[in-house]
**Student:** 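Mind looking over this structure? Questions follow.
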Amino acid sequence: EILQQIVGIAEQSLDEAQAKKHALNCHRMKPALFSVLCEIKEKTGLSVRSSQEEEPVDPQLMRLDNMLLAEGVAGPEKGGGLVAAAAAAAASGGVSPDSSIEHSDYRHKLAQIRQIYHAELEKYEQACNEFTTHVMNLLREQSRTRPVAPREIERMVGIIHRKFSSIQMQLKQSTCEAVMILRSRFLDARRKRRNFSKQATELLNEYFYSHLSNPYPSEEAKEQLAKQGGITVCQVSNWFGNKRIRYKKNIGKFQEEANIYTVKTAMSVTHGTQSEPPVTAPWMGTCTSSLSPPWVRLLSLPAPPQVESLRHSMSQGPYGEGLASGQLYSPRDVRVSPCPSTPQLL
DNA sequence: AGATATGATTTTGT
DNA sequence: ACAAAATCATATCT
């Protein structure tokens, strides 16, 4: 009969139920029922298994945490953010002087993400605590009418925490995604490409066309070009890589440019209007473009000595017309600065 | 607006 | 490991 009443409680109004509960607690048979329940429980031995006490420490969660920390989202307050932004700036390799404005924008957006993240985290924390205390109260209350071991309460709390931490993980995940998107938007160097200064381009072109037979500047030459042009050594390398491939792909297109820059170095001699034939050198390999027809290759004999530019080449170092002679490169195994790239965080 | 130029990154080949 | 080649993504021109 009493059991029937207990089951019935669920269908009644709160006040009614409360009253009934009180009545039950005071019922003279209650202690007997309680001890019976204890006995049953003891017999069935449905006690908590002590398994899965140690958490496996999800590696995915660790990665997310690490990233959030590294990006300054999860770390200490304002300082962390600044440090992260500075680190990101350094990592992106931008020695560009105009980057501060973009970065302030980036930092602002990051701070927003950070704020939302922390607000949500706190909300979850609070909800978790609330829920936990609620459940604990409930269990404590119930322990008056049925046997509840402290272990069981602990276990419930553990379950609740696990549940909430999985929700937290979702939050972390989406925060990480947001940060990644932000990064790619603002810090991917390709997205804010700036053309080099006129002066730098001129410098590079001058070197390229005056070393057309072997346009592979040494490390030292690159350093000098970089310094003079106000760009990095890596950018110089990129430029030459691009230039070589694009030049040989379409020599015709570059003839005008070639004339400009070779004339520049050969000003002293003639102002002859007849343009020189395109230089084809061994470094261009057998690749001929659609616009520089096959016969160009037939004309490509050993690098024709460019008398005018020879002087210039010589003054620049042993890289100009040195193809035939042995000294192509000076020994340089010292890697100065690796090309910076955006770190792959995920 | 679309075509071309250009700096940077990724893939490929040796 | 290095350079060529391909590709990406933005800048600049028309």
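Throughout, protein chains are lettered first and strands after them, A, B, ... in sequence-line order, and every chain is numbered starting at 1.
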**Student:** Could you tell me the separation between the CG atom of N242(A) and the C1' atom of dA5(C), rounded to a whole number of Å?
**Tutor:** 11 Å
**Student:** Please list, for nucleotides 2-6 of chain B, all pairs of protein and nucleotide N/O atoms separated by less than 3.5 Å.
**Tutor:**
from, atom 1, to, atom 2, distance (Å)
dT6(B), O2, R193(A), NE, 2.9
dT6(B), O2, R193(A), NH1, 3.4
dT6(B), O2, R193(A), NH2, 3.1

**Student:** Identify, with sequence neighbours excluded, every residue that meets salt bridge (Lys or Arg N to Asp or Glu O under 4.0 Å) alongside K227(A).
**Tutor:**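 Applying salt bridge (Lys or Arg N to Asp or Glu O under 4.0 Å) to K227(A) gives none.
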**Student:** Specify the separation, in whole Å, of atom CZ of F240(A) and atom C1' of dA4(C).
**Tutor:**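 The answer, rounded to whole Å, is 16 Å.
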**Student:** Using atom CG of N250(A) as one end and atom P of dA6(C) as the other, report the distance to the nearest whole Å.
**Tutor:**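 It works out to 14 Å between those atoms.
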**Student:** Grab the CG-C1' distance between N238(A) and dT7(C) for me, whole Å please.
**Tutor:** 14 Å
**Student:** Pairs in or reaching into residues 229-243 of chain A: which pass salt bridge (Lys or Arg N to Asp or Glu O under 4.0 Å), with residues at least two apart or in two chains?
**Tutor:**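 Checked against salt bridge (Lys or Arg N to Asp or Glu O under 4.0 Å) - neighbours excluded - the pairs reaching residues 229-243 of chain A are K243(A)-E257(A).
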**Student:** Whole angstroms only, please: what is the CD1-P distance between I231(A) and dG7(B)?
**Tutor:**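 I231(A) atom CD1 is separated from dG7(B) atom P by 8 Å.
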**Student:** Give a yes/no on whether any side-chain N or O of K248(A) is located under 4.0 angstrom from OP1 or OP2 of dA5(C).
**Tutor:** yes
**Student:** Considering residues at least two apart in sequence or located in another chain, which fulfil the side chain to side chain donor-acceptor pair (under 3.5 Å) criterion with Q142(A)?
**Tutor:**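 Here the qualifying residues are R146(A).
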**Student:** Taking atom types as modelled, find out whether N195(A) and R193(A) have a side-chain donor-acceptor pair closer than 3.5 angstrom.
**Tutor:**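 Short answer, yes.
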**Student:** Under the salt bridge (Lys or Arg N to Asp or Glu O under 4.0 Å) rule, collect the residues that match up with E125(A), sequence neighbours excluded.
**Tutor:** none
**Student:** Just jot down the side chain to side chain contact (heavy atoms under 4.5 Å, CB included) partners of L121(A), sequence neighbours excluded, or say none.
**Tutor:** Y117(A), Q168(A), L171(A)
